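Residue numbers start from 1 in every chain, and the chains themselves are labelled A, B, ... in the order their sequence lines are given, proteins ahead of strands. Here the structure is a predicted model, which means the values were calculated and not measured.
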Amino acid sequence: QIISTMETQVSNGPTSNSLPNGPPLSANGAADDSKTNLIVNYLPQNMTQEEFKSLFGSIGEIESCKLVRDKITGQSLGYGFVNYVDPNDADKAINTLNGLKLQTKTIKVSYARPSSASIRDANLYVSGLPKSMNQKEMEQLFSQYGRIITSRILVDQVTGVSRGVGFIRFDKRIEAEEAIKGLNGQKPLGASEPITVKFANNPSQKTGQALLTHLYQTTARRYTGPLHHQTQRFRLDNLLNMAYGVKSPLSLISRFSPIAIDSVTSLAGVNLTAASSSGWCIFVYNLSPEADESVLWQLFGPFGAVTNVKVIRDFTTNKCKGFGFVTMTNYEEAAMAIASLNGYRLGDRILQVSFKTSKQHKA
DNA sequence: TTTAATT
């Protein structure tokens with residue numbers, strides 16, 4: 001049985017946010033928040049925890065709420081949870097906020113299913129679909145394997161025609177596994193080509209990779225002269241290793257990367273106050289007046305563990321004063337971020353990035 | 001040809 005579906009963002013018809021059925025059945029004995037706990041999806045990327053709480057707090061008293069964010073970068077993952085004190089307020093939130101348009105998104109508000117391992121990793125990527133197949137037909141094809149939580153067919157942004165690619169999220173992972181067994185490589189009735197069905201990638205991996213590719217291209221261009229092919233290859237390896245959480249020995253970076261050597265050498269001029277118990281403080285200069293914390297998370301997150309970011313603002317105008325600070329846990333990752341981001345072009349500005357010195361922090 | 005759905 002299909003409990004709810006979501007159409008593509010470009011076609012927000014009246015059916016795009018069909019109301020969920022009643023609250024899930026409560027588990028016996030366990031604390032029953034099934035009638036008060038909601039999951040909120042398709043939130044705008046830049047929505048903060050405070051804005052999230054404010055929006056849902058306008059309905060009624062909140063017991064707890066959480067905007068889910070990436071553990072490393074702090075970036076919003078575009079969804080969150082709200083647990084109300086009163087089940088009536090949860091119901092009211094669904095009725096009044098589900099389908100609300102926020103910037104380019106149409107948010108979805110529904111009861112959260114009880115959290116368990118069995119509902120994780122139940123999202124499928126489907127390709128090779130007939131262009132004529134619509135969302136409902138795709139759901140009919142997959143619904144024989146279990147309860148579908150969401151489905152989506154990706155469409156061309158201009159023409160609106162199907163790209164033959166879609167997603168199916170099942171209630172349970174085993175249902176998704178069965179659908180792969182039953183449908184991968186099979187031709188839907190009347191189709192001329194077989195479809196491919198597999199587990200979907202985690203979307204959070206994409207932004208890091210895209211940023212790294214961009215960074216590599218821009219930094220490689222800046223160091224055309226002295227760079228040998230071998231050096232470039234090791235630099236790319238290091239960047240990719242960061243993306244996948246693989247440690248690169250500093251000795252390797254130092255031996256093969258003139259950029260990294262520069263950053264290490266420059267340490268001689270850095271006051272040791274850059275390091276503290278909470279990590280390595282990095283000074284970022286030439287940010288635009290409109291810069292906010294999210295851009296710092298985006299820039300430095302791919303290089304490793306970031307524990308804090310701060311944009312320094314004018315007290316009266318609230319505009320960025322042109323600089324900010326980033327704290328990273330590991331020296332090696334901080335050095336790589338500095339080596340890669342110093343001189344990086346952000347919009348029409350060239351960033352200056354270095355370890356924080358006592359001089360720059362002068363009161 | 002890969003979208004921000006389980007704290």
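- Using a 4.0 Å heavy-atom cutoff across all strands shown, A:Phe167 reaches at least one base atom of the nucleic acid.
- The side chain of A:Arg120 lies closest to B:dT7, out of B:dA5, B:dT3, B:dT7.
- Atom CZ in A:Phe52 sits about 13 Å away from atom P in B:dA5, given to the nearest Å.
- Contact of A:Lys66 with B:dT6 (side chain to base): no donor-acceptor pair of N or O atoms is detected under 3.5 Å.
- At whole-Å resolution of the value, CD1 in A:Ile168 and P in B:dT2 are 17 Å apart.
- In this structure, of B:dT7, B:dA5, B:dT3, it is B:dT3 that holds the atom nearest to the side chain of A:Arg152.
- Contacts of A:Asn308 classified as side-chain contact (heavy atoms from CB on, under 4.5 Å), with partners at least two apart in sequence or in another chain: A:Thr327.
- Which of B:dA5, B:dT3, B:dT6 sits closest to the side chain of A:Lys108 comes down to B:dA5.
- Counting to the nearest Å, the C1' atom of B:dA4 and the CG atom of A:Asp121 are 15 Å from each other.
- Separating the CZ atom of A:Arg69 from the P atom of B:dT6 is a distance of 17 Å, rounded to the nearest angstrom.
- Among the nucleotides B:dA4, B:dT6, B:dT1, the one closest to the side chain of A:Lys131 is B:dT1.
- A salt bridge links A:Glu293 with A:Arg313: the closest approach of a Lys/Arg side-chain nitrogen to an acidic carboxylate oxygen falls below 4.0 angstrom.
- Nearest nucleotide to the A:Tyr79 side chain, out of B:dT2, B:dT7, B:dA5: B:dA5.
- Comparing A:Gly78 and A:Val82 against DNA chain B, the residue whose closest nucleotide sits nearer the 5' end is A:Gly78.
- For A:Leu77, whose side chain is taken as the heavy atoms from C-beta onward, the closest listed nucleotide among B:dT6, B:dA4, B:dA5 is B:dA4.
- In the set B:dA5, B:dA4, B:dT2, the nucleotide with an atom closest to the side chain of A:Gln45 is B:dA4.
- Proximity of a side-chain donor or acceptor of A:Glu51 to a complementary backbone N or O of A:Thr48 within less than 3.5 Å is detected.
- Under a cutoff of 6.0 Å and an axis angle of 45°, A:Arg349 and A:Tyr285 do not form a cation-pi pair.
- Using a 4.0 Å cut-off between charged nitrogen and carboxylate oxygen, A:Lys136 and A:Glu139 do not count as a salt-bridge pair.
- Take the nearest nucleotide of DNA chain B for A:Ala200 and for A:Val68: the residue whose nucleotide is more 5' is A:Ala200.
- In terms of phosphate contacts, A:Ser127 brings no side-chain nitrogen or oxygen within less than 4.0 Å of OP1 or OP2 of B:dT1.
- We find that CG of A:Asn201 is positioned 14 Å from P of B:dA5, with the value rounded to whole Å.
- At a cut-off of 3.5 angstrom, counting only N and O atoms as typed in the model, there is a donor on one side and an acceptor on the other between the side-chain of A:Arg163 and the base of B:dT1.
- If you take CH2 of A:Trp297 and P of B:dA4, they are 23 Å apart, rounded to a whole angstrom.
- Scanning atom types as modelled, one donor and one acceptor separated by under 3.5 angstrom connect the side chain of A:Asn123 and the base of B:dT3.
- If you measure from atom CZ of A:Arg147 to atom C1' of B:dT6, you get 15 Å, rounded to the nearest angstrom.
- A cation-pi arrangement is absent between A:Lys35 and A:Tyr111 under the rule of less than 6.0 angstrom and at most 45 degrees off the ring axis.
- A straight line from CE of A:Met47 to P of B:dA4 spans 16 Å, rounded to a whole angstrom.
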